[in-house]
Amino acid sequence: MTRAGIQKHLDIAPLLRCPICGSDLHARTASVACAAGHDFAVSSKGFLTLMARPVALKGYDGHFFESRRRVLDAGYYDAVRDALVEETASFGPGSLVVDAGCGEGTYAKAVSRAHGCDAIGLDLARDGIRCAARGGGRERWLIADLARIPLRDHVADAVLNVFTPANYAEFKRVLKPDGVLIKVVPAERHMVELRQLAAEHLAHAPFDDHGVAEHLARHMRIASRRRITQTSPVCRQDAGDLIRMSPVAFDIAEGQLDLDALASITVDAEIIVARP
Ligand SMILES: C[S@@+](CC[C@H](N)C(=O)[O-])C[C@H]1O[C@@H](n2cnc3c(N)ncnc32)[C@H](O)[C@@H]1O
Ligand SMILES: [Zn+2]
């Protein structure tokens with residue numbers, strides 16, 4: 001990796017805190033460290049691991065993130081990406097957007113490149129962060145737990161949280177007082193065609209939004225809610241990727257599903273904007 005790939009992570013040391021003891025991290029030659037001696041090297045692959053110990057999440061492996069990257073690149077989620085770019089339009093150079101649960105990093109890159117703001121993507125999954133860090137760029141990537149975000153208090157202008165679990169106490173802590181949370185959750189028709197295809201293999205469970213908005217409203221002030229729906233025709237070569245990139249099919253062996261039967265796919269999501 002180039003010196004620039006290391007340096008961009010050292011440059012954000014003034015925003016970071018130790019995931020082990022919570023004290024401030026400071027830049028060293030090729031690592032960040034706290035006064036208690038906890039030291040975290042910048043990886044030669046262009047990211048920083050800020051965890052006491054690695055965690056393996058079922059299903060979130062290299063195949064998942066490579067497939068997800070191809071599906072996002074093919075445009076199936078463009079409506080979600082465009083909505084996130086719109087919702088962050090007031091941010092520019094000098095603003096910081098944090099993508100909590102960024103996966104392979106497409107949305108953090110889209111927002112920072114559209115507006116010229118800084119972006120930090122964090123995710124528990126090492127394979128996701130490795131995929132995000134590939135190809136360089138100005139964004140910073142952390143292997144980290146969103147339930148224990150290794151950022152100092154009130155440093156972020158926006159937190160993105162897309163198809164990923166939340167921790168609102170942590171989001172509020174890292175957001176500036178006038179910052180904004182932009183949360184994307186699946187809506188009723190999300191991946192409906194894939195769920196229909198998989199129905200015979202899955203226990204029937206009606207759609208349940210798990211009261212996300214109500215739960216969020218107990219922690220933060222909801223400023224807006226809107227629905228984004230995009231239905232796209234599926235070409236045969238993308239069908240396998242759509243199955244591999246969706247937690248819907250985590251428990252189904254790929255060969256059990258008839259890929260030719262997946263003629264279209266719907267991305268149906270709600271974008272919830274909230275303030276501390
Ligand atoms: C369905 S994926 C969505 C990824 C990305 N936001 C996207 O929309 O493509 C869910 C992500 O949440 C991450 N995740 C789950 N629990 C997490 C936690 N406690 N801290 C950080 N990331 C977490 C997973 O590793 C995975 O990348
Ligand atoms: Zn420490």
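With hydrogens and angles ignored, the 3.5 Å screen pairs no side-chain donor or acceptor of R275 with any backbone N or O of A223. Under a 3.5 Å cut-off, the side chain of K8 and the backbone N or O of E139 do form a donor-acceptor pair. Judged by distance alone, the side chain of K172 and the main-chain N or O of P177 form no donor-acceptor pair under 3.5 Å. At least one donor-acceptor pair under 3.5 Å links the side chain of S43 to the backbone N or O of K45. One N or O on the side chain of D127 and one on the backbone of G62 form a donor-acceptor pair closer than 3.5 Å. D157 contributes a side-chain N or O that, together with a main-chain N or O of L96, makes up a donor-acceptor pair within less than 3.5 Å. With hydrogens and angles ignored, the 3.5 Å screen pairs no side-chain donor or acceptor of H38 with any backbone N or O of A52. At distances below 3.5 Å, at least one donor-acceptor pair connects side-chain atoms of T164 with backbone N or O atoms of G101. Side chain of R225 to backbone of A213: no donor-acceptor contact under 3.5 angstrom is found.
Note that OG of S112 is 9.5 Å distant from CZ of R140, once rounded to the nearest 0.5 Å. How far CG of L57 is from CZ of R126: 14.0 Å, rounded to the nearest 0.5 Å. A distance of 4.0 Å separates CG of D268 from OG1 of T229, quoted to the nearest 0.5 Å. Between the CG atom in L10 and the OG1 atom in T29 there is a gap of 8.5 Å [rounded to 0.5 Å]. Here the CG-CG distance, from L122 to L142, works out to 6.0 Å after rounding to the nearest 0.5 Å. A distance of 10.0 Å separates CG of L242 from CG of L259, quoted to the nearest 0.5 Å.
Looking at Q230 and T266, their side chains never bring a donor and an acceptor atom within 3.5 Å of each other. Looking only at atom types and distance, the side chain of T88 has a donor-acceptor partner in the side chain of H115 under 3.5 Å away.
Y107 has its side chain within reach of L72: a pair of non-hydrogen atoms, C-beta onward, lies under 4.5 Å apart. The shortest distance between side-chain heavy atoms of L160 and E87 does not fall below 4.5 Å. Residues S232 and S264 form no side-chain contact, since every pair of their non-hydrogen atoms from C-beta on lies 4.5 Å or further apart. For the pair D82/Y77, no side-chain contact is recorded, criterion being any heavy-atom separation below 4.5 Å from C-beta on. Annotation: side chain of L146 is not in contact with side chain of E170 (no heavy-atom distance under 4.5 Å). Inter-residue side-chain proximity for L50 and I143 is flagged as unmet; no heavy-atom pair is nearer than 4.5 Å. Residues Q7 and D11 form a side-chain contact, since some pair of their non-hydrogen atoms from C-beta on lies under 4.5 Å apart.
Within a 6.0 Å sphere centred on NE2 of H154, other residues, nucleotides and ligands contribute more than 12 heavy atoms. For CD of Q256, the number of neighbouring non-hydrogen atoms (other residues, nucleotides, ligands) closer than 6.0 Å is greater than 12. With a 6.0 Å radius and a threshold of 12 heavy atoms from other residues, nucleotides or ligands, R152 has its CZ atom above the threshold. Residue Q237 qualifies as open at atom CD: its count of foreign heavy atoms under 6.0 Å is 12 or below. Within 6.0 Å of the CZ atom in R28, the count of heavy atoms belonging to other residues, nucleotides or ligands does not exceed 12.
Classification of R134 and E66 as a salt-bridged pair holds, one side-chain N sitting under 4.0 Å from a carboxylate O. Ion pair E104/R69 flagged as a salt bridge, since at least one NZ, NE, NH1 or NH2 atom sits closer than 4.0 Å to an Asp/Glu carboxylate oxygen. Using a cutoff of 4.0 Å between basic side-chain nitrogens and carboxylate oxygens, D78 and R81 are scored as salt-bridged. Salt bridge R68/D241: absent, no basic N to carboxylate O contact under 4.0 Å. With respect to the salt-bridge test (charged N to carboxylate O, under 4.0 angstrom), the residues R226 and E270 do not qualify. With salt bridges taken as basic N to acidic carboxylate O contacts below 4.0 Å, none links R70 and D238.
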Next item on the list: Evaluate the side-chain contact (heavy atoms from CB on, under 4.5 Å) criterion for residues I265 and T231: first the C-alpha distance (whole Å), next the side-chain angles of each, then the deciding distance (0.1 Å), finally the verdict.
Entry: CA-CA 6 Å; I265 196 78; T231 298; over 6 Å; no

Next item on the list: Test F47 against R130 for side-chain contact (heavy atoms from CB on, under 4.5 Å), laying out the working first.
Entry: CA-CA 7 Å; F47 57 84; R130 285 173 71 115; 3.6 Å; yes

Notebook entry, point to check: Going through the checks in order, is the side-chain contact (heavy atoms from CB on, under 4.5 Å) test met by R138 and D118?
Noted result: CA-CA 8 Å; R138 58 200 304 278; D118 291 324; 3.6 Å; yes

Item checked: Stepwise side-chain contact (heavy atoms from CB on, under 4.5 Å) check, F40 with S31 -> CA-CA 5 Å; F40 306 90; S31 67; 5.8 Å; no

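Checked against the 6.0 Å centroid threshold, H215 and Y168 count as a close aromatic pair. Remark: aromatic rings of H219 and F171 are distant, center separation not under 6.0 Å.
Taking every heavy atom of both residues into account, I182 and I271 meet most closely at CG2-CG2, 3.9 Å. Shown here for F65 and C131, the closest heavy-atom pair between the two residues is O-SG, 4.3 Å. The shortest non-hydrogen separation linking G179 to P276 is O-CD, 3.2 Å. I129 and C102 get closest at one heavy-atom pair: CD1-SG, 3.6 Å. Residues N161 and A166 come closest through the heavy atom pair OD1-CB, 3.4 Å. Between V212 and V185 the shortest heavy-atom distance is CG1-CG1, 3.7 Å.
There is a path of hydrophobic side-chain contacts, each under 4.5 Å, that joins V97 to V273. Cluster annotation: I20 is connected to V174 through the hydrophobic network of ILVMFWY side chains, with a link wherever side-chain heavy atoms come within less than 4.5 Å.
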